[in-house]
Amino acid sequence: MANNTDPRVAVLCGGVGGSRFVRALSYILPHDNITAIINTGDDEEFHGLYVSPDPDIVTYALGGVIDDERGWGIRGDAFRWLEQIRRYGHDTWFNIGDRDLATHLHRTRLRAEGWTATRIMADIAAAFDVHVRLLPMSDDRVRTIVETDAGDLPFQRYLVERHAQDAVHSVRFEGASDARPAPGVIDAIAAADVIFIAPSNPIASIGTILAVPGIRDAIEARRAQCVALSPIIGGRSLQPPAGEMMSGLGLSVDVVGVAEVYAGLISGIVIDRADELHASTLATRRIGVLVADTVMHDEAASRNLAHKALTFVRG
């Protein structure tokens with residue numbers, strides 16, 4: 001049960017790193033004190049199904065069913081339906097497990113009935129007994145398109161089908177300029193005592209969220225309460241393709257590059273001990289720095305990071 005010392009937290013997140021940090025916060029805070037604002041720019045249609053990878057990863061992590069080894073999907077899932085549809089000559093480069101398939105069937109049906117992304121996300125969260133408030137960045141369709149040597153690729157094709165092997169020249173967010181923040185997003189940011197930018201891909205996860213008009217301004221207005229966690233450790237991203245995309249856009253693949261992406265949005269950044277040598281450079285940019293063990297390899301490490309990050313941002 002919440003008490004008056006428990007902070008209200010808003011987290012911008014997407015992907016594996018984002019899901020793990022939201023779960024880390026859920027270990028130490030009342031769940032109804034946490035709002036996760038989740039990237040939906042990676043959404044794609046496969047075999048007639050509407051798939052929303054980042055919201056599902058966050059939901060499965062909080063619901064205790066995530067396949068932690070893969071970082072996505074449902075633990076112990078099989079892929080028999082995928083094997084069968086391959087017999088009919090269909091592409092199967094995007095892996096969807098048998099139980100995961102039910103989520104996408106359910107979502108596709110609700111979309112056909114006119115449900116918004118916000119309502120669908122809440123419905124799926126309830127099915128997994130998740131009480132953290134999960135919000136899409138927008139109810140409007142936004143697509144992350146990666147401009148590469150191989151042409152313009154939707155994010156899932158760039159990452160999953162082509163294994164992030166193509167040189168990145170630019171990234172655009174189709175539909176973002178006409179999108180609106182989902183109901184509750186701006187209010188959650190304004191009401192939060194603490195705002196975190198999770199250790200997600202700064203370009204393809206967080207950048208997509210910030211491209212929705214109104215969200216960047218809302219974060220800028222709360223800069224003093226906003227801290228980012230770096231997804232880059234020792235010059236590489238634990239979860240590709242953050243490093244590859246940053247390099248392609250001319251950013252240094254290190255914590256300084258991460259801070260550059262978030263310039264004007266954050267008052268502090270949490271970096272791994274492997275990157276302590278960059279702390280003085282970050283300090284010259286008037287960014288507070290917390291050096292910590294940032295790899296959330298188990299519950300104890302996750303709890304420790306969440307505690308330290310909260311203490312850091314609250315002073």
Side-chain angles (χ1 to χ4, degrees), residues 11-18 21 39 41-42 54 137 142-160 162-174 176 195-212 215-217 219-220 223 226-292 294-295:
V11 189
L12 274 61
C13 65
V16 178
F21 186 66
N39 167 48
D42 301 356
D54 282 5
M137 62 190 194
V142 178
R143 299 186 76 209
T144 301
I145 305 296
V146 186
E147 300 175 13
T148 76
D149 282 344
D152 294 357
L153 302 172
F155 182 77
Q156 296 300 337
R157 286 195 174 271
Y158 162 72
L159 173 61
V160 181
R162 299 185 61 81
H163 308 291
Q165 65 183 358
D166 303 298
V168 176
H169 301 301
S170 184
V171 179
R172 70 177 186 271
F173 309 111
E174 288 188 348
I195 301 165
F196 285 116
I197 298 178
S200 304
N201 187 321
I203 310 301
S205 291
I206 306 303
T208 316
I209 297 171
L210 295 172
V212 177
I215 296 182
R216 177 179 288 272
D217 289 344
I219 298 294
E220 285 180 349
R223 177 178 180 271
C226 185
V227 163
L229 291 92
S230 175
I232 304 296
I233 299 176
R236 68 183 185 91
S237 52
L238 295 183
Q239 299 294 331
E244 291 85 347
M245 297 184 79
M246 290 174 66
S247 177
L249 297 178
L251 295 160
S252 60
V253 185
D254 54 30
V255 296
V256 176
V258 174
E260 184 177 340
V261 174
Y262 298 142
L265 297 174
I266 61 173
S267 61
I269 187 168
V270 182
I271 67 175
D272 194 79
R273 296 188 189 280
D275 297 304
E276 190 168 3
L277 73 162
H278 295 294
S280 58
T281 300
L282 293 167
T284 64
R285 302 186 180 197
R286 297 184 180 180
I287 297 174
V289 180
L290 170 65
V291 179
T294 62
V295 179

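Just the heavy atoms: all of them, side chains too, but no hydrogens, waters or symmetry mates, feed the values below.
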Colleague: Look at the side chain of Arg143 and the backbone N and O of Gly41, then say whether any donor-acceptor pair between them is shorter than 3.5 Å.
Modeller: no
Colleague: Looking only at non-hydrogen atoms, find the nearest pair between Ile209 and Cys13 and report the distance.
Modeller: CD1-O, 3.6 Å
Colleague: Cys226 and Ile197: side chain to side chain contact (heavy atoms under 4.5 Å, CB included), yes or no, with the steps?
Modeller: CA-CA 7 Å; Cys226 185; Ile197 298 178; 4.0 Å; yes
Colleague: Could you list the donor-acceptor pairs under 3.5 angstrom formed by side chains in residues 276-292, with sequence neighbours left out?
Modeller:
unit_1: Thr284; atom_1: OG1; unit_2: Thr281; atom_2: O; d: 2.5

Colleague: Any side-chain heavy atom of Gln239 sitting closer than 4.5 Å to one from Pro231?
Modeller: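 The answer is no, as the side chains (C-beta and beyond) never meet within the 4.5 Å cut-off.
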Colleague: Under 4.5 Å between any side-chain heavy atoms of Arg162 and Thr148, yes or no?
Modeller: no
Colleague: How long is the straight-line distance from CD of Glu244 back to NE2 of His163, given to the nearest 0.5 Å?
Modeller: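 Atom-to-atom, His163:NE2 and Glu244:CD are 12.5 Å apart.
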Colleague: Hey, are the side chains of Ile219 and Leu12 touching, using non-hydrogen atoms and a 4.5 Å cut-off?
Modeller: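 The answer is yes, as the side chains (C-beta and beyond) meet within the 4.5 Å cut-off.
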Colleague: Identify the heavy atoms of Leu159 and Pro241 that sit nearest to each other, and give their distance.
Modeller: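 Of all heavy-atom pairs spanning Leu159 and Pro241, the closest is CD1-CD, 3.6 Å.
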Colleague: Taking all heavy atoms of Ala274 and all of Ile233, pick out the closest pair and write down the distance.
Modeller: CB-CG2, 4.1 Å
Colleague: Determine which pairs satisfy side chain to side chain donor-acceptor pair (under 3.5 Å) with at least one residue from residues 195-212, sequence neighbours left out, and list them in order.
Modeller: Thr144-Thr208
Colleague: Do Met137 and Asn39 come close enough that some side-chain heavy atom pair is under 4.5 Å?
Modeller: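 Answer yes - side chains close enough.
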Colleague: Taking all heavy atoms of Leu249 and all of Ser170, pick out the closest pair and write down the distance.
Modeller: CD2-CA, 3.6 Å
Colleague: Mind checking whether Asp254 and Asp275 have side chains closer than 4.5 Å, heavy atoms only?
Modeller: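 Counting from C-beta outward, Asp254 and Asp275 never come under 4.5 Å.
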Colleague: Is any side-chain heavy atom of Leu265 closer than 4.5 Å to a side-chain heavy atom of Leu210?
Modeller: yes
Colleague: Can you check whether Thr294 reaches Arg273 side chain to side chain, under 4.5 Å on heavy atoms?
Modeller: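 No, their side chains stay 4.5 Å or more apart.
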Colleague: Which heavy-atom pair separates Ala204 from Asp42 by the least distance, and what is that distance?
Modeller: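 Scanning both residues, the minimum pair turns out to be O-OD1, 3.7 Å.
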Colleague: Closest heavy-atom contact between Ser237 and Ile232?
Modeller: CB-CD1, 3.7 Å
Colleague: Between Leu251 and Ile203, does a side chain to side chain contact (heavy atoms under 4.5 Å, CB included) hold up when you go through it step by step?
Modeller: CA-CA 11 Å; Leu251 295 160; Ile203 310 301; 4.1 Å; yes
Colleague: Which residues satisfy the ring-ring contact (aromatic ring centres under 6.0 Å, His included) test with Phe196, sequence neighbours excluded?
Modeller: Phe21
Colleague: When rounded to the nearest 0.5 angstrom, what is the spacing between CG in Asp152 and CZ in Arg157?
Modeller: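 Answer for the CG-CZ pair, Asp152 versus Arg157, is 13.5 Å.
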Colleague: Could you go through the side chain to side chain contact (heavy atoms under 4.5 Å, CB included) check for Tyr262 and Ile269 one step at a time?
Modeller: CA-CA 10 Å; Tyr262 298 142; Ile269 187 168; 5.7 Å; no
Colleague: Which is it for Met245 and Val146 under the side chain to side chain contact (heavy atoms under 4.5 Å, CB included) test, yes or no, and what are the steps along the way?
Modeller: CA-CA 9 Å; Met245 297 184 79; Val146 186; 3.9 Å; yes
